[in-house]
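Here's the structure we're looking at; comments come further down.
Below, chains carry the letters A, B, ... as their sequence lines are ordered, and counting in each starts from 1.
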Number of protein chains: 2
Amino acid sequence: MATQLRNLSLTSLRTFHAVGRHCHMRRAAEELHVSHPALSRQIRELEARLGTPLFERSGNRLALTAAGRRLHRVVSDAFAQLEKGLLYLDPESLSGEVVIATTATISLSWMLRLLREVRARYPEIRLRLTTIEPRARRLHSDIDIAICLGEPEAPERRVTALYEEHYLPVCSPQLLQQRRFGRPRDLLQLPLLHDTLQQWPSWFTSQGVDYEPGAGEVQFDYAYQAIEAARLGMGLALADRQEVSEDLKEGRLVTVIERPFTIGQSLYLACGRGPDLNARSRLVLGLIFEWLSSRGAPLQAGAEELQRELAAAGGEGVIT
Amino acid sequence: MATQLRNLSLTSLRTFHAVGRHCHMRRAAEELHVSHPALSRQIRELEARLGTPLFERSGNRLALTAAGRRLHRVVSDAFAQLEKGLLYLDPESLSGEVVIATTATISLSWMLRLLREVRARYPEIRLRLTTIEPRARRLHSDIDIAICLGEPEAPERRVTALYEEHYLPVCSPQLLQQRRFGRPRDLLQLPLLHDTLQQWPSWFTSQGVDYEPGAGEVQFDYAYQAIEAARLGMGLALADRQEVSEDLKEGRLVTVIERPFTIGQSLYLACGRGPDLNARSRLVLGLIFEWLSSRGAPLQAGAEELQRELAAAGGEGVIT
DNA sequence: CCCCATTACGAATGTCGTAACGATG
DNA sequence: CATCGTTACGACATTCGTAATGGGG
């Protein structure tokens with residue numbers, strides 16, 4: 001059994017790809033622009049190398065064996081992957097700018113890390129990051145991709161809900177030390193860090209606790225400031241899980257108590273429709289989706305649909 | 001720009017795979033058992049076909065261009081996939097039995113569906129499903145793979161925690177109708193379905209509600225019986241999210257209220273260690289992990305490690 | 001002066017197409 | 001007897017290896 005790829009002729013795999021798809025030599029030969037006997041010999045050679053029949057010959061009919069089906073699945077996947085990867089090789093088609101707009105909080109929490117990944121893969125793409133206000137409704141026309149908190153008004157663009165924000169109380173592990181906070185009311189022992197969304201009161205209400213301002217509380221304009229303050233051990237911030245996922249993974253922040261809490265606030269993605277979406281933006285979008293899903297963001301149905309469309313149009317590999 | 005795979009010689013891709021890895025013709029030639037000039041021409045031909053330089057020649061040094069890095073990533077992934085797929089083609093190495101042991105509830109909730117998938121892919125493998133009690137500590141020696149509720153005592157096996165059970169109140173959508181149950185105590189309006197684990201009282205306690213047996217309650221021995229009763233509209237069952245994921249997806253059951261609740265009960269996987277784990281079992285394990293992760297099971301760290309080991313040893317594609 | 005990549009040319013290998021064969025329904 | 005897959009054989013094309021060339025350090 002030659003299980004090593006190096007012992008195989010890759011042309012025979014390409015042949016097998018076509019023949020396995022049609023299960024019909026004549027048609028496969030037509031597709032490949034070669035004669036039928038050529039295929040027959042390629043297949044036979046491949047089977048000999050593998051030591052396993054790939055087709056069941058019953059009379060004049062061809063049918064894949066179980067091993068054949070397995071190989072065909074693998075070969076099809078691999079070829080599809082190659083085909084997709086070939087789409088965006090040409091630096092010419094990538095040269096140009098992609099303008100990304102998002103809030104200051106998102107840019108600090110994950111967009112910058114993502115852009116580092118984008119640049120490593122596609123250095124030909126010039127990137128520009130524009131900061132917008134959290135509830136911005138209008139988008140400047142030269143923005144290619146926008147990630148907004150709240151639904152923007154952009155009828156000429158494709159607007160997709162990404163995921164609903166899911167807020168967690170987080171703080172520095174030093175601040176928490178060994179203590180455990182089992183009940184929501186225990187959190188009032190620590191200073192709370194607010195931003196203008198003012199979610200702490202509704203969080204306590206949702207947990208059935210009366211909230212009253214306590215000692216050491218600080219009010220910020222933006223969430224990223226409250227999060228940075230939490231990193232510095234200044235108190236408890238209420239942050240979206242996705243926005244602090246890297247902090248949690250790397251231990252700069254810890255969750256204090258696990259309670260599901262949302263205020264119906266969603267992240268929205270706005271991009272050009274079909275032809276208005278250039279190849280560069282499609283690539284960046286593909287990496288955005290890979291980034292979010294590889295980090296467990298609970299993508300909404302519309303977002304997954306867009307992701308599939310992009311993948312079908314030709315995405316690439318996996319962020320490592 | 002020839003972005004079509006059919007216009008490329010696949011041997012040139014194989015050559016590129018080696019040369020790109022070494023960035024050194026001489027060493028790559030050694031690996032492929034061919035002469036250096038052969039590689040040089042293959043690469044040059046490939047670049048011509050693609051219309052894009054893949055290597056930057058500065059003096060005598062080779063370095064991948066951005067396009068080259070992208071192509072190399074894609075090609076490496078595709079070849080790795082092929083290589084893995086080739087490992088388990090031979091029906092000979094698969095012929096034999098795999099004995100899987102699990103609880104009655106798990107077998108009905110997802111194991112049978114998974115086995116259908118396994119059989120479709122590897123019909124050469126004979127499958128046997130053995131039912132064990134939820135808290136079984138001892139495993140019969142001819143079991144290849146066991147999925148247990150609670151940690152089994154099996155020092156000679158590799159025992160891995162899969163995920164912690166996460167219980168949800170579920171019922172038939174007909175029973176729920178249009179009503180919404182915002183507070184945990186509202187659930188007492190519906191008849192509760194119990195199994196011997198008796199988790200309803202602790203669920204209510206965890207939600208700060210005093211529980212007292214109400215009208216229409218039914219007590220079963222096993223969880224799968226309570227779940228089936230819930231499907232039939234007999235009342236509310238408390239079921240592990242994973243165990244009812246298919247029911248939720250297909251609308252046979254709906255969640256009544258979302259509250260995180262665990263009782264520290266975990267699913268454990270027991271299988272042979274290294275050499276005791278035959279190829280057949282490895283394949284089945286690979287599909288088990290793909291099944292669970294593609295359905296969003298919150299796998300524990302040890303489980304993901306085992307999954308990676310299996311993938312490295314040679315798994316296959318994705319369950320569709 | 002050594003190491004490396006590239007080019008040139010004759011040789012070997014592999015692949016292909018045409019034609020004939022065998023089997024099936 | 002029409003269709004299909006397989007085998008046989010001569011021709012073509014690609015790829016290879018050896019030897020020679022040209023840059024860099």
Please report, rounded to the nearest Å, how far the [atom2] atom of [N] is from the [atom1] atom of [X].
{"X": "A/Glu45", "N": "C/dT13", "atom1": "CD", "atom2": "C1'", "value": "13 Å"}
{"X": "A/Glu30", "N": "D/dC4", "atom1": "CD", "atom2": "C1'", "value": "14 Å"}
{"X": "A/Leu39", "N": "C/dG17", "atom1": "CG", "atom2": "P", "value": "9 Å"}
{"X": "B/Arg61", "N": "D/dG24", "atom1": "CZ", "atom2": "C1'", "value": "9 Å"}
{"X": "A/Leu32", "N": "C/dG17", "atom1": "CG", "atom2": "C1'", "value": "15 Å"}
{"X": "A/His36", "N": "D/dT7", "atom1": "NE2", "atom2": "P", "value": "16 Å"}
{"X": "B/Leu62", "N": "C/dC3", "atom1": "CG", "atom2": "P", "value": "17 Å"}
{"X": "B/Arg49", "N": "D/dT14", "atom1": "CZ", "atom2": "C1'", "value": "11 Å"}

Minimal non-hydrogen separation, A/Arg14 against B/Leu5, with atom names: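 Residues A/Arg14 and B/Leu5, closest heavy atoms: NH1-O, 2.9 Å.
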Sub-3.5 Å donor-acceptor pair from the side chain of [X] to the main-chain atoms of [Y], do we have one?
{"X": "B/Glu97", "Y": "B/Arg126", "answer": "no"}
{"X": "B/Arg157", "Y": "B/Cys271", "answer": "no"}
{"X": "B/Ser40", "Y": "B/Pro37", "answer": "no"}
{"X": "B/His72", "Y": "B/His17", "answer": "yes"}

Flag if over 12 foreign heavy atoms under 6.0 Å of CD, A/Glu56: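 Counting neighbours around CD of A/Glu56, 12 or fewer heavy atoms of other residues, nucleotides or ligands fall under 6.0 Å, so no.
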Whether over 12 other heavy atoms sit under 6.0 Å from B/Glu304 CD: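 Yes - once you tally the heavy atoms of other residues, nucleotides and ligands closer than 6.0 Å, there are more than 12.
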5' precedence on DNA chain D between A/Ser40 and B/Ser58 (nearest-nucleotide basis):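 It is A/Ser40, whose closest nucleotide lies nearer the 5' terminus.
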Give a yes/no on whether any side-chain N or O of [X] is located under 4.0 angstrom from OP1 or OP2 of [N].
{"X": "B/Gln42", "N": "D/dT14", "value": "no"}
{"X": "A/Arg41", "N": "D/dT6", "value": "no"}
{"X": "B/Arg44", "N": "C/dT6", "value": "yes"}

Any residue of residues 20-28 of chain A with a heavy atom less than 4.0 Å from an atom of DNA chain D: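 Listed by number, they are A/His24, A/Met25, A/Arg26.
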Which nucleotide in the list [options] gets nearest to the side chain of [X]?
{"X": "A/Asn60", "options": "C/dC16, C/dT7, C/dT24", "answer": "C/dT24"}
{"X": "A/Ser35", "options": "C/dT15, C/dT18, D/dA19", "answer": "C/dT18"}
{"X": "B/Ala38", "options": "C/dA5, D/dC16, D/dT6", "answer": "D/dC16"}

Sugar-phosphate, base or nothing in reach of B/Thr11, heavy atoms under 4.0 Å: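 Counting heavy atoms under 4.0 Å across all strands, no contact is made by B/Thr11.
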